[in-house]
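Structure first, commentary second.
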Amino acid sequence: MQENLMSSDGKAQTVAPQEEINEDFLDEGGIGGNTRWYTDTVTGAELADYAPVKGCMVIRPYGYALWENIKKALDDMIKETGHSNAYFPLFIPESFLKKEAEHVEGFAPECAVVTHGGGKKLEEPLIVRPTSETIINYMFAKWVQSWRDLPLLINQWANVVRWEMRTRLFLRTAEFLWQEGHTAHATAEEAEDEARTMLECYRKLAEDWLALPVLTGEKTERERFAGAVRTYCIEAMMRDGKALQAGTSHFLGQNFAKAFEIKFQSQSGQLEFAWQTSWGVSTRLIGAVVLGHGDEKGLILPPRIAPIQVVIVPIYKSDAEKETVLSSARSLEQELAKAGIRTHLDDRDNYTPGYKFNHWELRGVPVRINIGPKDISNGVVEIARRDDKEKMRGVSREGLTETISNLLETVQKAIFERALKFREENTVKAQTYDELKSILKEKSVFVEVFWDGNSEDEGKIKDECKATIRCLPFALNQEGAPKGKCMYTGRETSRKAIFAKAY
RNA sequence: CGGGGCGUAGCGCAGCUUGGUAGCGCGUCCGUUUCGGGUGCGGAAGGCCGGAGGUUCAAAUCCUCUCGCCCCGACCA
């Protein structure tokens, strides 16, 4: 915080503790270097607060508004691609989870189990859903008889619970909000297409709305969803060079269909198991926005999802000035709101303008308009951008709505470009394992390598470098991609992987 | 589960070594002054010192036991 004063005893005195965030942000690239910054920013900006239950958080109104905007954007895409929303229960019979071998192995350790209800011990314990494949597929089996019932395209917005050892606000909490899509298809090809289509929705959500460039690709066996045949993902780079998985889409093959007997009679009269997918993104996306764009002053929100896109700060001295300025500010506020711009007028009279500047910067509001007596007499306003801290004085009040709405677009693009440039500058290639090791020892980056190793090799590398294969990017694994030597095994391969430290 | 840290006013902390019944900053409330980058001044409210035992004339402080949270590792969206 730039306003920290050093008192005589050398202790930092904070001017406004509740607004404070740490400065050690980008300098500490290494693991956990910005932990404090992250927590302070999330709580300081009032996105979330710690709940009385370990690992749980309260999503505060400002954070929830952000989630609602993200949710709306994605929900529209989910519906445009033909899916319907539904809701399945929180409780799942324990026996359901056990039906798919890999699935139970993957999730059992982190499940919360309800053993009592109504003062009595339950005959069969209930699992609090960690994900809903089992209960949804149980229902699918009842609903699917014929090829005419397919495809079945369902999505639900829900909360899920995973008993995590180590939690962090938004990034990993015991309970989180998400969307989980579950579909059943007549053919493998169709299910595969579905998985890819939804991954593409996630890419658009991340890039067009959250302004976060992502790598799309496939997970290796080691990182695959428990019960899936193939797992696809979008991976984003945070401002400290670490990777964050921002969404996943799974081709489930017939694994769950067989476990839950989702069978249909095909056009040729054969009884066949359905082919399935599932896909999800969560409130973790909020963490991605915070860590993907934030700076030493706090959040930087992409205009398209920002709960408040424009904040107006009135400046005045006397009561007479106050009247004039506020009435001008109010009419400006209405003008912008009418144009569909999410605008807030900060007319609190118990805070000074300087205080408000910092307040809204911490909260990441993309554009601020300062309006004072001098501006009014000149028919102008002052505009300040959050992303590059640029100030534009004397901007004509005439046509301001259009100016602002263009500016919001500009900012949206600018922060995407900034994030993209950052990722490109922090992506390097390695030819050998030694190279990989020394690169990752230096700093957190994406490392592109030829890869022909197996899960065991991957495990060893994780132990030694703390880094994992984030994905096998589609872009680097196209038909006819060049061949090279696997950095680990030395075998010739055309497969390329991205290694990185991850959240 | 292992390692580390912390529980004292709404928030951030001091006090604990050397026991004597609690203090600072910010915030809050009232008044006044200010307002173009975290205004200044004056006044006020607010705390069974995480919990339970013990030692003592006396415990925030010493001892034992507990509970909780945060951070770091093993698991994960």
Side-chain angles (χ1 to χ4, degrees), chain A residues 1-5 7 9 11-20 31-33 35-36 38-40 43-44 49-56 105-111 130-131 160-180 202 219 222-226 231 233-235 244-250 278-288 297 313-319 321-322 325 348-362 368-375 381-382 384 389 391 393 462-463 466 468 502-503:
Chain A
M1 196 79 247
Q2 80 279 25
E3 293 297 328
N4 278 356
L5 310 170
S7 65
D9 61 349
K11 276 191 72 78
Q13 299 284 310
T14 308
V15 170
Q18 292 186 332
E19 298 281 313
E20 184 190 7
I31 305 171
T35 295
R36 179 75 192 280
Y38 179 77
T39 306
D40 286 352
T43 55
D49 202 353
Y50 288 101
V53 180
K54 186 185 174 121
C56 292
E105 201 179 311
F107 282 102
E110 50 185 300
C111 283
T131 177
V160 287
V161 169
R162 298 181 188 177
W163 217 258
E164 300 291 349
M165 308 278 183
R166 229 185 108 205
T167 57
R168 286 184 75 181
L169 298 171
F170 290 115
L171 297 174
R172 180 167 297 107
T173 44
E175 178 191 9
F176 57 93
L177 304 184
W178 76 346
Q179 142 292 303
E180 48 179 323
Y202 291 163
K219 285 290 187 190
R222 209 168 175 284
E223 303 273 322
R224 192 181 294 154
F225 174 74
T231 289
C233 63
I234 54 172
E235 290 281 331
L244 182 77
Q245 180 173 311
T248 52
S249 177
H250 316 289
S278 70
W279 27 274
V281 297
S282 71
T283 36
R284 173 181 254 199
L285 289 175
I286 293 173
K297 280 178 160 285
V313 176
I315 294 152
Y316 49 78
K317 287 196 178 90
S318 62
D319 278 356
E321 277 181 1
K322 180 176 171 181
V325 171
R348 294 176 295 178
D349 61 4
N350 52 337
Y351 291 104
T352 60
Y355 180 92
K356 293 175 183 177
F357 297 165
N358 288 283
H359 179 89
W360 295 110
E361 278 162 1
L362 170 56
R368 186 182 72 234
I369 299 176
N370 299 335
I371 179 164
K374 292 175 214 160
D375 300 312
V381 295
E382 180 179 284
K389 302 176 191 80
K391 263 188 188 174
R393 294 177 204 273
K462 187 182 177 184
D463 290 342
K466 307 273 180 225
T468 50
Y503 274 94

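Just the heavy atoms: all of them, side chains too, but no hydrogens, waters or symmetry mates, feed the values below. Letters A, B, ... are given to chains in the order of the sequence lines, protein chains preceding strands, and every chain is numbered from 1.
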Scan nucleotides 67-70 of chain B against the protein and return all N/O pairs shorter than 3.5 Å with their distances rounded to 0.1 Å.
{"from": "C69(B)", "atom 1": "OP1", "to": "K54(A)", "atom 2": "N", "distance (Å)": "2.9"}

Considering only atom C1', compute the distance from G27(B) to C69(B) and round it to an integer number of Å.
-> 23 Å

Which of parallel (below 30°), tilted (30 to 60°) and perpendicular (above 60°) describes W279(A) and Y202(A)?
-> perpendicular

May I ask you to decide if A174(A)'s main-chain N or O and T167(A)'s side chain share a donor-acceptor pair within less than 3.5 Å?
-> no

Given C71(B), is OP1 or OP2 found less than 4.0 Å from the side-chain N or O atoms of R166(A)?
-> no

Donor-acceptor pair (no angle test) under 3.5 Å: N370(A) side chain, G36(B) base = no

Does the distance from a Lys or Arg side-chain N to an Asp or Glu carboxylate O, for E223(A) and K462(A), drop under 4.0 Å?
-> no

Could you tell me whether a side-chain N or O of R284(A) sits under 3.5 Å from a main-chain N or O of Q245(A), the two making a donor and an acceptor?
-> yes

State plainly whether the residues D349(A) and K322(A) are in salt-bridge range, i.e. N to O under 4.0 Å.
-> yes

Rounding to the closest angstrom, what is the interatomic distance between C48(B) and G23(B) at atom P?
-> 15 Å

Exam field: side chain E235(A) to backbone G247(A), donor-acceptor pair closer than 3.5 Å = no

Examine the base of G38(B) for any acceptor or donor lying under 3.5 Å from a partner atom in the side chain of E361(A), and report the outcome as yes or no.
-> no

Hey, is the side chain of K391(A) pairing donor to acceptor with the base of G37(B) inside 3.5 Å?
-> yes

Name the nucleic acid region contacted by E321(A), choosing base, sugar-phosphate or nothing; use a 4.0 angstrom heavy-atom cut-off, strictly under.
-> nothing

Is there a donor and acceptor pair closer than 3.5 Å between the side chain of R393(A) and the base of G36(B)?
-> no

